[in-house]
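Read through the structure below, which is laid out as structure tokens, and then see the notes.
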Amino acid sequence: MKEVIEELEIRRAKARMGGGEKRIDAQHKRGKLTARERLQLLLDDNSFEEFDMYVEHRCADFGMADTKVPGDGVVTGWGTINGRVVYVIAKDFTVFGGSLSEAHANKMIKVQDMALRNRAPVIGLFDAGGARIQEGVAALGGYGEVFLRNVQASGVIPQISVIMGPCAGGDVYSPAMTDFIFMVRDTSYMFVTGPDVVKTVTKEEVTAEQLGGASVHTTKSSIADGAYDNDVEALLQMRRLMDFLPTSNLSGVPELPTRDPWDREDTSLNTLIPDNPNKPYDIKELIHKVVDEGDFFEVQETFARNIVIGFARMEGRTVGIVANQPMVLAGVLDSDASRKAARFVRFCDCFSIPIVTFVDVPGFLPGTDQEYGGLIKHGAKLLFAFTEATVPKITVITRKAYGGAYDVMSSKHIRGDLNYAWPSAEIAVMGAKGAAEILYRSELGDPEKIQKRIDQYQARFANPFVAAERGYIDEVIMPQGTRMRICRGLQMLRNKHIENPWKKHDNIPL
Ligand code: HXC
């Protein structure tokens, strides 16, 4: 028995060394942790249970028969984050650059299947070069199986990807089908084909950072939902994120203890809106002052900053926040903002997370740039997403709600459950100046006359009461009581149940 136990220890120790000391040192020198070090930080102490530590590839081509490493470039298993089960897949860059063989794929598939069967999230830590080139189609087949499971799990269990090294091919396509992607600045890259291939094919010379670094994907492409300075920060933030997320589409939202009273009033909100309707203010101030303990996990913070999205809690229970940001482009809805918010709304709806929407929107952004870029279709995504969502939806109009954007931003007409407006709300087809100039074009030459028309329109529509008179607004509320109203509303809506008509799936304008 003693020898068998010793054999086990030797085998375990060998597997834990991955690609060996030299490659582990190289990983550390690049500022990256190893797969196992990462899991230790991500998961609760001593909670990690590893699977398939001794799995090796079965490839004999290109001299591979002599280069077997137990574990084969990926560490898989399960553990807990603050006591809740998660399944994990951590690519080991020290073994064949974390590339995926058939055997490596089977390890991933096992965990994906277990996660779906047992209804718990999957977190993937990616640091890998895609399909293992020596294995050819066997590796491609392996990726196909992984992709299939990504899709099957979509909307059933949360899937989170953290990009922690150079990632290409299947190691970007699998993350692309998960719910959220986070990156590490300066050490992680995502591209379908790397700089060398780009140079050969298009003669373009770009660095890995320019092609697919965190700044590109969090500001230009919107592929990544956030970026952190190093591995440690990224993993700690993933622990924080997981505390907001349900474990599955049937589990309901997690509930954490809070010391923040549900009926806390904040009188500073009464002066948040500037007297001048064209002056901006920071919508994040409102979010921080309303949610539990000011704790807001923002997603896509640096992309389409004219809309703010993220997770928070009200009375300890997770909500999704969607808010126009008057500080950026006056909070206008453009293609990027619409796409960003639409995907978030659909995530919340998949996982029964109630949505709280703060509205201050002057409309959709006009211009050829937007129209040629498909604003109609992208704007429709947000309209579609809010409309189909069956989770509790509470909307607060703080100032402007103009035109089509009024309808889109979770209005009563598309099944907003509770629609509130602050006394400063202006709900109209457009701003008073624009309206008067269209309606009274013949009077444009007479500034006095046109100003009178503007004043008339302003007096009639620059308030919440025309909408409230029709029941489109349930109540005009004092800003200071916003938290209390939302908390009470969410309590009242706790058992909300509506269903859309049966369909195979909808046909959202993609
Ligand atoms: C086998 C690989 C590999 C791969 C890297 N390695 N990628 N081995 N298959 N796909 C090995 C390298 O040979 C090297 O081994 C070690 O990993 C580290 O790689 P380096 O190149 O030295 O590291 P770095 O300079 O940091 O560059 C990392 C990289 C680059 C950007 C990931 O290696 C790269 O471009 N790899 C190829 C990417 C790719 O084209 N993959 C196939 C995609 S197709 P040694 O022994 O020297 O240390 C795909 C299909 C999926 O994935 C379908 C999608 C729809």
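Counting convention: from 1, in listed order, for ligands and their atoms alike.
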**Asked** Using the benzene-type ring in the case of Trp, are the ring centres of F364 and H378 under 6.0 Å apart?
**Response** no
**Asked** So which pairs with a foot in residues 364-375 pass side-chain hydrogen bond (donor to acceptor under 3.5 Å, both in side chains), sequence neighbours left out?
**Response** S335-Q370
**Prompt:** Does the separation of the ring centres of F244 and F296 fall below 6.0 angstrom?
**Reply:** no
Anything under 3.5 Å between a donor and an acceptor, one on a side chain of residues 193-200, the other on a protein residue two or more places apart or in another chain? List them.
{"unit_1": "T200", "atom_1": "OG1", "unit_2": "D196", "atom_2": "O", "d": "2.9"}

**Message:** Regarding K32 and D231, does a basic nitrogen lie under 4.0 Å from an acidic carboxylate oxygen?
**Reply:** no
Filter the ligand 1-protein atom pairs down to N or O on both sides and distance under 3.5 Å, then list them.
{"unit_1": "ligand 1", "atom_1": "9 (N)", "unit_2": "I133", "atom_2": "N", "d": "3.0"}
{"unit_1": "ligand 1", "atom_1": "10 (N)", "unit_2": "G129", "atom_2": "O", "d": "3.0"}
{"unit_1": "ligand 1", "atom_1": "10 (N)", "unit_2": "A131", "atom_2": "O", "d": "2.8"}
{"unit_1": "ligand 1", "atom_1": "17 (O)", "unit_2": "G97", "atom_2": "N", "d": "3.1"}
{"unit_1": "ligand 1", "atom_1": "41 (N)", "unit_2": "G129", "atom_2": "O", "d": "2.7"}
{"unit_1": "ligand 1", "atom_1": "46 (O)", "unit_2": "R23", "atom_2": "NH2", "d": "2.8"}
{"unit_1": "ligand 1", "atom_1": "48 (O)", "unit_2": "R23", "atom_2": "NE", "d": "3.4"}
{"unit_1": "ligand 1", "atom_1": "48 (O)", "unit_2": "R23", "atom_2": "NH2", "d": "2.8"}
{"unit_1": "ligand 1", "atom_1": "52 (O)", "unit_2": "A131", "atom_2": "N", "d": "2.9"}
{"unit_1": "ligand 1", "atom_1": "52 (O)", "unit_2": "G170", "atom_2": "N", "d": "2.8"}

**Request:** Can you tell me which residue pairs pass the side-chain hydrogen bond (donor to acceptor under 3.5 Å, both in side chains) test with a partner in residues 85-105, sequence neighbours excluded?
**Result:** D72-S101, Y87-N118, K91-H104, K91-D171, D92-T94, S99-R132
